[in-house]
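First the structure, in the form of structure tokens, and then the observations on it.
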Amino acid sequence: QVHLEESGGDAVQAGGSLRLSCAASGYTFYSYHMGWFRQAPGKEREGVASISSYGTTIYADSVKGRFIISRDNPKNALYLQMNSLGPEDTGIYYCAAGRSPIPMPTTALRSSTYNYWGQGTQVTVSS
């Protein structure tokens, strides 16, 4: 049974940093592409970053240069380092797994590309 569990969410002030983690189990982690999504209150879920099995990354324009997605395949772990946080980064952050090593670049940040989801972790950034 696939299980994804996020951690690391917190309340921080603007300009601060957070590192989110996602622990994966129940499937062959290294063969799936992974992603981070977020959902702000009253808004649709949006893709933040994606990483292939081989480490190729794709970022939303809104987080380029500030966020870094990474994975540790032997540890079945996914990470999101978030720097220079602003109030616009507030939301619930979800990790997700997709059943292929490499996502299509044009769909890597779409929810429909992913098959499994965690429960989310709350990130709140105050100004």
Side-chain angles (χ1 to χ4, degrees):
Q1 183 176 357
V2 175
H3 184 70
L4 300 173
E5 185 168 351
E6 304 91 340
S7 61
D10 204 348
V12 297
Q13 292 198 332
S17 298
L18 281 176
R19 188 189 193 215
L20 304 184
S21 299
C22 175
S25 61
Y27 69 105
T28 50
F29 179 78
Y30 65 86
S31 66
Y32 282 52
H33 67 272
M34 300 293 295
W36 284 101
F37 288 74
R38 67 185 180 190
Q39 188 165 18
K43 294 188 177 181
E44 292 187 355
R45 188 176 299 185
E46 64 170 346
V48 174
S50 171
I51 187 167
S52 74
S53 296
Y54 309 104
T56 303
T57 57
I58 296 173
Y59 294 94
D61 288 343
S62 59
V63 306
K64 279 181 183 175
R66 299 189 300 123
F67 290 12
I68 301 172
I69 186 172
S70 62
R71 64 190 295 163
D72 187 332
N73 286 342
K75 293 185 178 180
N76 287 0
L78 178 72
Y79 306 102
L80 185 68
Q81 177 66 44
M82 306 188 294
N83 302 317
S84 302
L85 286 163
E88 67 277 10
D89 297 314
T90 293
I92 301 174
Y93 282 70
Y94 301 89
C95 74
R99 286 197 209 105
S100 66
I102 304 173
M104 292 289 290
T106 54
T107 60
L109 297 180
R110 294 184 188 173
S111 298
S112 58
T113 299
Y114 295 82
N115 305 100
Y116 303 106
W117 294 83
Q119 292 300 306
T121 185
Q122 176 70 47
V123 172
T124 303
V125 185
S126 59
S127 58

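Keep in mind that this is a model prediction, so the values were computed, not measured.
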Contacts of Thr107 that satisfy side-chain contact (heavy atoms from CB on, under 4.5 Å) - sequence neighbours left out: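 In terms of side-chain contact (heavy atoms from CB on, under 4.5 Å), with neighbours along the sequence ignored, Thr107 is linked to Met104, Arg110, Thr113.
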Residues two or more places apart in sequence or in another chain: which of them pass side-chain hydrogen bond (donor to acceptor under 3.5 Å, both in side chains) with [X]?
| X | result |
| --- | --- |
| Tyr27 | none |
| Tyr114 | Ser50 |
| Asn76 | none |
| Asp72 | none |

Calculate, to the nearest 0.5 Å, the distance between atoms [atom1] and [atom2] belonging to [X] and [Y] respectively.
| X | Y | atom1 | atom2 | result |
| --- | --- | --- | --- | --- |
| Met34 | Leu78 | CE | CG | 4.5 Å |
| Arg66 | Gln81 | CZ | CD | 12.0 Å |
| Cys95 | Ile69 | SG | CD1 | 9.5 Å |

Is the side chain of [X] donor-acceptor paired with the backbone N or O of [Y] at a distance under 3.5 Å, no angle test?
| X | Y | answer |
| --- | --- | --- |
| Thr124 | Ala11 | no |
| Arg71 | Phe29 | yes |
| Thr28 | Tyr30 | no |
| Asn115 | Gly98 | no |
| His33 | Ser100 | yes |
| Trp36 | Tyr79 | yes |

Indicate the atoms forming the closest heavy-atom contact of [X] with [Y], along with that distance.
| X | Y | result |
| --- | --- | --- |
| Ser31 | Ser53 | C-OG, 3.4 Å |
| Ala49 | Leu80 | CB-CD1, 4.4 Å |
| Gly47 | Ala60 | O-CB, 3.4 Å |
| Pro101 | Pro103 | O-CD, 4.1 Å |

Per the salt bridge (Lys or Arg N to Asp or Glu O under 4.0 Å) rule, what does the pair list look like for [range], sequence neighbours excluded?
| range | result |
| --- | --- |
| residues 49-64 | Asp61-Lys64 |
| residues 21-41 | Arg38-Glu46, Arg38-Asp89 |
| residues 1-12 | none |

Does the side chain of [Y] come within less than 4.5 Å of [X]'s, by heavy atoms?
| X | Y | answer |
| --- | --- | --- |
| Ile68 | Tyr59 | yes |
| Phe37 | Trp117 | yes |
| Leu85 | Phe67 | yes |
| Thr90 | Gln122 | yes |

Excluding sequence neighbours, so at least two apart, what forms salt bridge (charged side-chain N to carboxylate O under 4.0 Å, His left out) with Glu88?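 Here no residue qualifies.
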Please identify each residue that fulfils salt bridge (charged side-chain N to carboxylate O under 4.0 Å, His left out) with Lys43, with sequence neighbours left out.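 With neighbours one apart ignored, the set is empty.
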Connected via hydrophobic side-chain network under 4.5 Å: Tyr116 and Val48: yes
Side-chain hydrophobic cluster, 4.5 Å single linkage: members besides Ile58: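 Other cluster members: Leu109.
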Just list the side-chain donor-acceptor pairs under 3.5 Å for residues 13-22, sequence neighbours left out, or say none.
| from | atom 1 | to | atom 2 | distance (Å) |
| --- | --- | --- | --- | --- |
| Ser17 | OG | Asn83 | OD1 | 3.0 |

